[in-house]
Amino acid sequence: MSEQRQGQGERNNVSMRYANIGLGVLLWVFSAWVIQHSLGFSDPRTGQLPVTLAIFFIIAGAILIVLNAIPKTGRRMENTKPFAEIPWLRWIAVAGLLALFGIGAVTIGFYESAFVFLLAVSLVMSADQENRLRAAGACLLFAVLADVGLWLGFSVLLGIPIPDGILI
Amino acid sequence: MLRRHSLSWMALLVAMTLALAACGGDEGAEDASDGGDDDSAEADEEPANEGEDDAEGDGGGDDSAEGDTAGDWEPSSNVTVTVPFNPGGGADTSQRTWNEYAEPLIPVSLNVENREGAGGVTGWTQMINEGSTDGHHIAIATPPFNVLPKVMDPEAVPYEHEDFTYICIYGVVPGVLYVPEDSEYEELDDFITAAEDNPGGLSVAVAGQAGAEALLTYMLMNETGVEVTMVPFDGGSESVAALRGGTTDAMFASTNFIEEQEGEIRPLAIARASDEDPEYPDVPSFNELGYDIVQERYRALAGPPEIDEAAVQYWADICQQVVENEEFRQAMRDTGNPPPGSFIGPDESTERVMDMVSDIETVVEEFDIQGD
Amino acid sequence: MWEGMLEGMRGVLTLESLWVLLAGTAAGAAIGALPGLSAVSAVALLLPFTFGMEPAHGLIMLASVYTSAQYGGSIPAILINTPGTSGAAATTIDGYPMTLKGEAQEALYLQLFAGVVGGTIGALILIFFTPTLAAWSLLMGPAEYFWLAVAGLAMVASLAGKDILKGLIGAGLGVFLTVPGQDLITGRTRFTFDYHHLIGGIEIVPALLGFFAVASVIGLVERGDESVAPLTPRPGVIRYVLKRMGRMKALLAYTGVLGTLVGAIPGAGASVSAFVAYSESKRVSKKNRSQFGKGAWEGVAGPESANNGVVGGSIVPLLGLGLPGSGSAAVMFGALTVHGIIPGPRMFEDRADIAYTFMLGVLATIPIMLVVGLLTVRWSSLVVRAPLRYMVPVILSLAVMGTYSFRQNTFDVGVLIAVGLIGYLLAKVGIPPIATALGLVLGTLIEHNLQRSVIVAGTRDMGLWQFFFSRPIAIGFIIVAAFVLLSGIRQVIREHSDEDKSDAEDEEERGAEASSERSQE
């Protein structure tokens with residue numbers, strides 16, 4: 001599977017070696033922040049766990065950075081491209097829609113935003129379909145059915161008090 | 001004594017008049033016949049109500065005696081009751097029991113909504129900020145648990161103590177000091193003497209370092225001058241397991257374990273307020289043993305801050321009928337959450353909670369345990 | 001005892017009870033299978049229905065719901081890498097790879113039968129050994145819990161796969177998720193940023209679901225518009241599964257007992273026992289250890305036998321001590337008290353009929369679960385064939401709705417989404433979600449019990465280590481922890497040396513792997 005797709009993601013080819021170094025740096029930044037935050041606690045026991053974890057992350061980050069920065073040990077990681085397979089555009093669309101779903105659920109209503117989400121994601125994911133119009137129609141039908149299904153399942157069968165939205 | 005007596009008589013007279021009047025209306029039509037007996041206990045400030053045992057047929061009399069606001073308001077659609085804890089938990093069980101006895105008295109049904117999170121703060125915040133103020137949204141409040149987070153971490157909790165409009169207190173659960181059944185401490189004084197001889201060497205299981213039991217431990221240390229070591233556990237059951245397993249020497253927990261764990265652990269003292277006819281009469285109270293330690297947690301009803309005054313009256317009225325129903329009282333005892341000796345209405349509820357707030361603030365300041 | 005048992009049987013073996021069992025089992029399996037709604041939610045959701053029933057029927061209902069929710073939770077774990085309950089997290093490690101290989105039906109039958117074995121073991125232990133086990137569970141003090149949890153965390157070495165450092169980082173991040181909120185030991189809040197939702201901390205269920213459901217489903221976006229996996233069941237699949245399971249008898253029995261025992265420890269729960277069982281399955285199956293993580297049958301059978309055994313185990317403290325040892329047991333505790341029955345050993349004297357009805361209800365659910373499973377596997381496995389353009393939005397919206405329904409909390413939904421997106425990127429750089437899940441599940445146990453040990457040691461004028469070594473069971477767990485860690489490291493070293501050999505012939509190896517994958521299909 002990986003061989004098939006190696007060609008198309010050429011520009012995202014951050015190798016695992018640099019990803020590891022990046023992860024190490026991130027861990028350092030995170031740990032520095034955790035320690036700085038924990039120093040203010042009046043009872044030192046409150047900060048014991050976060051500080052211990054931060055120290056561990058600093059050590060782990062150091063190992064990651066060192067191992068991958070040294071050419072001899074780092075080269076092993078050159079061949080793996082962790083982000084190569086991600087179709088970023090589509091991924092960001094779905095992730096963004098999911099975040100919007102979360103926000104919409106509390107503002108305009110669960111079933112309303114579920115409908116939008118179901119429709120939009122299925123549309124994004126059927127971008128490759130040949131007959132676009134037919135695919136769009138199918139997605140609309142799907143979104144309606146799935147939304148009704150959600151409502152039947154959660155509100156009717158399980159009787160969970162889903163808060164009222166603007167429509168339902 | 002004399003004053004109380006005459007007051008009761010006055011209340012009785014007023015009540016009878018009003019009861020007669022109310023008989024014409026639909027409100028009190030059911031059975032006002034028995035009203036007089038209970039009405040003597042009516043006035044909140046005078047809890048002289050031994051005649052309560054026979055509380056079944058009190059519907060009509062009470063309503064009318066509450067004053068003329070009672071009839072003004074009635075829920076017109078189903079009522080949301082927020083329970084900010086998980087279904088099946090202690091607070092949930094209490095509230096569902098209350099609902100069971102309240103529903104026959106009201107024209108609509110009560111829908112429990114369990115909104116867990118942040119030790120109850122999530123559910124209370126939602127009720128306070130978003131609950132409708134027309135009386136169709138109430139919640140169970142469980143002081144000190146709605147009060148504690150605000151004291152411990154005032155910045156994080158988005159409500160004020162005053163945002164709860166208390167309607168009534170229908171359960172009063174004092175803290176209890178327990179030891180294992182085979183413990184060498186036969187009485188409270190044995191325990192305190194042992195703690196004096198060995199400062200910090202006796203361990204007491206509590207549910208959380210910022211919970212009702214921890215406060216009680218601080219109160220004990222404050223009052224007796226001894227030093228004991230608190231071992232915080234995740235909840236009452238975990239504390240019991242630790243006590244029975246020998247991890248700790250004693251435990252503070254609520255009253256429900258007196259029956260549930262009978263034969264395994266033994267109550268030494270109960271932190272109830274003085275009462276002529278207390279629940280768990282076999283267990284001596286700290287007061288009776290000469291220590292001024294009272295720490296009770298409540299099962300209370302509360303509404304949002306701006307809730308309609310007439311609605312508060314209405315719910316207080318329903319609550320009174322429920323609390324005075326002997327079957328309800330027994331049901332609450334069965335789950336280990338005894339009802340109050342006498343009905344506690346809106347004003348007294350608020351007063352009691354505010355007293356609790358200042359008690360807690362004193363202890364928190366004394367032992368410097370506020371959050372960062 | 002036998003008298004009470006007869007009474008109980010009379011309660012369970014009626015036509016009415018059968019209907020209750022059937023309804024409870026179906027509902028439990030369905031709710032368990034919904035991501036976000038765990039076994040606790042299943043029991044809690046059906047609780048109100050039982051209030052109107054007579055106590056025996058209500059209890060049978062709850063027993064069947066709880067038992068089957070555990071079974072149902074593993075179905076999506078296998079089919080779409082999304083554990084429906086937290087106890088099913090370990091099942092994803094090998095269950096999902098089986099699905100990817102086209103073996104979804106095999107995996108589901110394996111899961112069903114392993115669950116039946118584990119569930120039966122758990123129920124029998126519950127019926128016959130409750131008093132003994134309950135007495136044992138009281139021996140678990142802070143020192144014992146701490147070292148049990150450390151032993152659990154040491155399993156990261158064998159769970160995480162090749163890169164042990166990233167496994168540890170993942171576990172550390174999981175533990176860090178337990179940091180925000182009010183610290184139980186000091187009562188102070190930390191990392192809450194004055195945000196009230198964080199006072200109670202991050203709930204395990206939405207975080208776990210984020211790491212699995214959201215992260216893995218968003219990963220499916222990469223694949224364009226295919227289906228999750230092919231579905232190519234072998235002919236006579238049921239018989240084939242049973243035949244292969246015949247060779248795992250010892251493993252199934254072992255993990256079933258293990259799951260029950262861990263389940264009987266208050267506070268440990270289904271997820272921990274499933275992880276323990278997974279790591280043990282891997283250790284015990286020497287021959288095809290290299291297949292673990294790539295769809296090893298033992299990797300599904302072990303955890304499934306264990307997390308169904310947990311059901312019986314977790315009821316032990318409830319009936320034996322009168323203490324609920326898990327969230328679900330707490331709900332059942334409430335249900336019993338509502339009916340005026342106080343759970344605990346005295347039930348066996350006062351209300352033996354109810355006690356035995358309850359326990360036999362757990363046992364009686366298992367054949368019903370088997371029937372329900374046999375009838376539905378064929379249909380539920382079709383899920384993997386559905387086009388991804390529909391599957392992805394459906395699973396994600398189920399996860400969002402399920403998470404909200406878990407406790408009607410919108411903050412949980414935020415946790416789900418945020419953790420999911422971060423978890424996806426972490427998985428990309430090689431941090432195994434399973435390690436994070438382990439840290440998340442064990443973090444609180446480790447911190448609280450270490451702090452408690454310090455406090456208790458202080459009251460006894462002991463040093464911490466002196467305290468640990470004064471507790472024989474704790475010493476036992478220390479040895480187990482060391483053993484788990486060492487054997488995990490040995491496994492990793494062996495895998496590494498295998499790889500080093502192949503590194504020289506890198507290209508060749510890759511070709512061979514692909515062909516072996518093909519031949520397996």
Side-chain angles (χ1 to χ4, degrees), chain A residues 16 19-20 22-23 27 34 37-38 41-43 45-50 53 56-57 60-61 63-64 76 79-80 82-83 85-87 90-91 94-95 98-99 101-102 105-106 110 114 117-122 124-126 128-129 135 139 142-143 146-147 150 153-154 158-162, chain C residues 31 34 37 45 48 165-166 168-169 172-173 175-176 178-179 183 185-191 214 218 221-222 224-225 387-390 392-394 396-398 400-402 404-405 408 410 413-414 416-418 420-421 424-426 428-431 443 446-447 450-451 454 503 506 510 514:
Chain A
M16 194 60 129
N20 281 343
L23 179 65
L27 283 175
V34 167
H37 192 87
S38 306
F41 295 147
S42 53
D43 187 328
R45 289 183 301 171
T46 318
Q48 260 168 19
L49 178 68
L53 286 171
F56 163 70
F57 287 143
I63 297 175
L64 271 180
R76 267 179 75 143
N79 282 330
T80 328
F83 303 114
E85 289 173 23
I86 307 177
R90 200 186 284 172
W91 191 86
V94 174
L98 182 63
F101 183 14
V106 281
F110 275 84
F117 178 76
L118 289 162
L119 180 65
V121 173
S122 56
V124 168
M125 301 231 2
S126 16
D128 300 339
Q129 297 282 305
C139 288
F142 155 78
D147 206 23
L150 284 178
F154 285 95
L158 295 179
I160 288 158
I162 304 286
Chain C
I31 297 174
L34 280 175
L37 292 175
L45 277 169
L165 180 66
K166 286 195 178 151
L168 288 172
I169 294 175
L173 290 173
V175 174
F176 193 86
T178 67
V179 165
D183 175 26
I185 303 295
T186 62
R188 291 169 163 83
T189 50
R190 59 186 183 194
F191 291 88
V214 174
I218 283 203
V221 173
E222 290 166 17
D225 190 29
L388 286 181
R389 62 175 183 277
Y390 300 142
V392 168
V394 162
L396 288 176
S397 43
L398 276 177
V400 168
M401 301 290 292
Y404 178 77
S405 308
Q408 272 82 265
T410 47
V413 176
L416 169 87
I417 295 171
L421 298 181
Y424 170 78
L425 294 174
L426 287 177
K428 275 284 154 195
V429 295
I431 292 187
I446 289 182
E447 185 190 17
L450 179 59
Q451 302 278 30
V454 172
D503 238 16
D506 198 19
R510 201 178 283 175

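Protein chains get the first letters and strands the later ones, always in sequence-line order, with residue 1 at the start of each. For the numbers below, each heavy atom of this structure counts, side chains included, while hydrogens, waters and symmetry mates do not.
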Using heavy-atom distances under 4.5 Å, tell me whether C:Val454 contacts chain A through its side chain, its backbone, both, or neither. neither
Per-residue contact mode, A:Leu53 against chain C (heavy atom under 4.5 angstrom): side chain
Is A:Leu150 close to chain C through its backbone or its side chain, or both, or neither, when contacts mean heavy atoms under 4.5 Å? side chain
Select one option (side chain, backbone, both, neither) describing which atoms of C:Val413 are under 4.5 Å from chain A's heavy atoms. side chain
C:Leu165, part contacting chain A, at a heavy-atom distance under 4.5 Å: side chain
side-chain contact (heavy atoms from CB on, under 4.5 Å) with A:Leu158: which residues, sequence neighbours excluded? A:Phe154, A:Ile160, C:Ile31, C:Leu34, C:Leu37, C:Leu45
Top contributor to chain A contacts, counting heavy-atom pairs under 4.5 Å, from C:Leu426, C:Ile218, C:Leu416, C:Thr410: C:Ile218
So, using side-chain contact (heavy atoms from CB on, under 4.5 Å) as the criterion, who are the partners of A:Phe56 when residues are at least two apart? A:Ala60, C:Leu168
Side chain from CB out, backbone as N, CA, C, O: work out which of these in A:Leu119 comes under 4.5 Å of a heavy atom of chain C, or both, or neither. neither
Given a strict heavy-atom distance threshold of 4.5 Å, which part of C:Tyr404 is in contact with chain A: side chain, backbone, both, or neither? side chain
What part of C:Phe191 gets within 4.5 angstrom of chain A, counting heavy atoms only: side chain, backbone, both, or neither? both
Taking side chain as everything from C-beta outward and backbone as N, CA, C, O, which of these in A:Val124 sits under 4.5 Å from a heavy atom of chain C? Side chain, backbone, both or neither. neither
